[in-house]
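Presented below is the structure to which this report refers.
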Amino acid sequence: MSFNLQYRKATESDMNFLIHLREKTMSEHYISSNLPATREVHTQRVLYEYDKANIVIFNNEPIGLLKINRNKDTIYIIQLQIDPGLQGKGIGRFILTEIIEEAKNSQKTITLSVLKTNKAQHLYSSLGFVIIDENDDSYFMEFQK
């Protein structure tokens, strides 16, 4: 499936959208991981590497966040969040597939981390990401297909 997605750099005016998106997409995972899910925690996470934040646009509406760090050898997916109302429709898979193609073309490794309680890990595994390490709360994954 293909989606006509656009991306634009996040600006200061996107903060409320991004905090609300993070609360909707991550609170349940933080709570089930016994991590604090306060507005302050979500705000700190949104601000982390904010210069790499891109708003995902679908049908002229902001629907998500892709925060990605590209360097010489690696593409690190810092955060990928899609509005819960649009999850399960293939948008995340489409975005990840584009990143995988980019990595293959540039011969870069893709890495990411995911909370152990987040069902997105199944999507990552189905695309070829494998667990290479873990801590108490998260799996660290790398694309290996």
Side-chain angles (χ1 to χ4, degrees), residues 1-30 32-37 40-59 61-84 86-145:
M1 183 174 276
S2 180
F3 293 91
N4 184 17
L5 300 178
Q6 284 94 37
Y7 303 90
R8 68 167 172 76
K9 291 294 272 179
T11 65
E12 191 175 316
S13 64
D14 293 308
M15 280 300 295
N16 285 335
F17 165 74
L18 291 172
I19 292 167
H20 185 62
L21 176 68
R22 182 141 188 103
E23 288 171 337
K24 290 192 299 185
T25 59
M26 296 303 296
S27 287
E28 71 177 280
H29 306 301
Y30 272 55
S32 61
S33 297
N34 294 314
L35 298 170
E40 180 182 337
V41 167
H42 290 306
T43 301
Q44 288 172 354
R45 192 66 180 137
V46 167
L47 288 172
Y48 175 75
E49 301 267 5
Y50 197 73
D51 61 314
K52 296 173 176 65
N54 296 282
I55 304 298
V56 180
I57 309 288
F58 181 60
N59 291 335
E61 294 292 325
I63 63 155
L65 167 70
L66 174 61
K67 202 181 287 186
I68 194 165
N69 186 21
R70 292 174 173 93
N71 64 38
K72 185 176 154 249
D73 300 316
T74 306
I75 298 173
Y76 177 60
I77 301 170
I78 302 167
Q79 294 171 6
L80 174 58
Q81 296 158 340
I82 302 299
D83 187 276
L86 293 170
Q87 290 178 5
K89 300 184 184 316
I91 295 171
R93 178 177 293 276
F94 177 79
I95 292 169
L96 289 165
T97 300
E98 286 187 324
I99 296 168
I100 289 166
E101 285 303 310
E102 174 190 343
K104 285 179 178 177
N105 291 336
S106 60
Q107 297 181 324
K108 293 183 179 182
T109 302
I110 310 170
T111 59
L112 58 84
S113 65
V114 61
L115 286 172
K116 290 179 177 180
T117 59
N118 189 334
K119 64 184 177 197
Q121 65 182 280
H122 303 297
L123 170 61
Y124 303 141
S125 293
S126 74
L127 288 168
F129 286 84
V130 297
I131 296 168
I132 57 169
D133 202 0
E134 66 181 279
N135 63 21
D136 289 344
D137 306 310
S138 299
Y139 292 122
F140 301 93
M141 302 182 84
E142 183 176 279
F143 179 75
Q144 293 193 348
K145 267 197 178 172

- Could you tell me whether the side chain of Gln44 reaches within less than 4.5 Å of the side chain of Tyr48, counting heavy atoms only? no

- Under the salt bridge (Lys or Arg N to Asp or Glu O under 4.0 Å) test, which residues partner Glu28, sequence neighbours left out? none

- Message: Any heavy-atom pair between the side chains of Leu18 and Arg22 that's under 4.5 Å?
- Response: no

- Query: At what distance, to the nearest 0.5 angstrom, does CG of Asn59 lie from CG of Leu5?
  - Reply: 9.0 Å

- Query: Pro62 and Ile57: which non-hydrogen atoms are nearest, and at how many Å?
  - Reply: CA-CD1, 3.9 Å

- Item | Shortest non-hydrogen contact between Thr11 and Tyr50, atoms and distance | O-OH, 2.6 Å

- Message: Restricting to non-hydrogen atoms, name the atom on Ala37 and the atom on Tyr30 that form the minimum distance, rounded to 0.1 Å.
- Response: CB-CB, 3.9 Å

Side-chain donor-acceptor pairs under 3.5 Å in residues 125-133, sequence neighbours left out?
| unit_1 | atom_1 | unit_2 | atom_2 | d |
| --- | --- | --- | --- | --- |
| Ser125 | OG | Gln121 | O | 3.1 |
| Ser126 | OG | Arg93 | NH2 | 2.9 |
| Ser126 | OG | Leu123 | O | 2.7 |

- Grab the two heavy atoms, one from Lys108 and one from Arg70, that are nearest each other, plus how far apart they are. NZ-CB, 4.5 Å

- In this structure, which one of Asp137, Thr117, Asp136 forms a side-chain hydrogen bond (donor to acceptor under 3.5 Å, both in side chains) with Ser33? Thr117

- Query: Does some side-chain heavy atom of Leu66 sit less than 4.5 Å from a side-chain heavy atom of Ile99?
  - Reply: yes

- Asn135 and Lys116 have their tightest heavy-atom pair at O-NZ, 2.9 Å

- Using the six-membered ring wherever Trp is involved, compare the ring planes of Phe3 and Phe58 and label them parallel, tilted or perpendicular (cut-offs 30° and 60°). perpendicular

- Is a side-chain N or O of Lys24 found less than 3.5 angstrom from the main chain of Ile82, in a donor-acceptor match? no

- Query: What do you reckon, is CD of Gln144 surrounded by more than 12 foreign heavy atoms closer than 6.0 Å?
  - Reply: yes

- Distance, nearest 0.5 Å, that separates CD of Glu40 from CD1 of Ile19: 11.0 Å

- Message: For Glu101, I'd like to know if atom CD has over 12 heavy atoms of other residues, nucleotides or ligands within 6.0 Å.
- Response: yes

- At what distance, to the nearest 0.5 angstrom, does NE2 of His42 lie from CG of Leu47? 13.0 Å

- Query: Given Leu65 and Thr25, is the side chain to side chain contact (heavy atoms under 4.5 Å, CB included) satisfied, shown in steps?
  - Reply: CA-CA 11 Å; Leu65 167 70; Thr25 59; over 6 Å; no

- Query: Which salt bridge (Lys or Arg N to Asp or Glu O under 4.0 Å) pairs, counting each pair once, include a residue from residues 119-129, with sequence neighbours left out?
  - Reply: none

- Val56 side chain reached by Tyr7 side chain, heavy atoms, under 4.5 Å: yes

- Do Tyr76 and Asn71 come close enough that some side-chain heavy atom pair is under 4.5 Å? no

- Counting only N and O atoms by type, is there a donor-acceptor contact under 3.5 Å from the side chain of Lys9 to the main-chain atoms of Asp51? yes

- Look at the side chain of Ser32 and the backbone N and O of His29, then say whether any donor-acceptor pair between them is shorter than 3.5 Å. yes

- Roughly how far, to the nearest 0.5 Å, is the CG atom of Asn16 from the CG atom of Leu21? 12.5 Å

- With side chains defined as the heavy atoms from C-beta onward, is the minimum distance between Thr109 and Asp73 less than 4.5 Å? no

- Query: Quick one: CD1 on Ile63 to CD on Gln87, what's the gap to the nearest 0.5 Å?
  - Reply: 10.0 Å

- Query: To the nearest 0.5 Å, how far apart are CG in Leu96 and CD1 in Ile91?
  - Reply: 12.0 Å

- Task: Measure the shortest side-chain to side-chain distance between Ile75 and Phe143 over non-hydrogen atoms and say whether it is less than 4.5 angstrom.
- Result: no

- Query: With no hydrogens and no angle check, is any side-chain donor or acceptor of Asn118 less than 3.5 Å from a backbone partner on Ala120?
  - Reply: yes

- Query: Hey, are the side chains of His20 and Val46 touching, using non-hydrogen atoms and a 4.5 Å cut-off?
  - Reply: no

- Query: Under 3.5 Å, side chain of Asn105 to main-chain N/O of Glu102, donor-acceptor pair present?
  - Reply: no

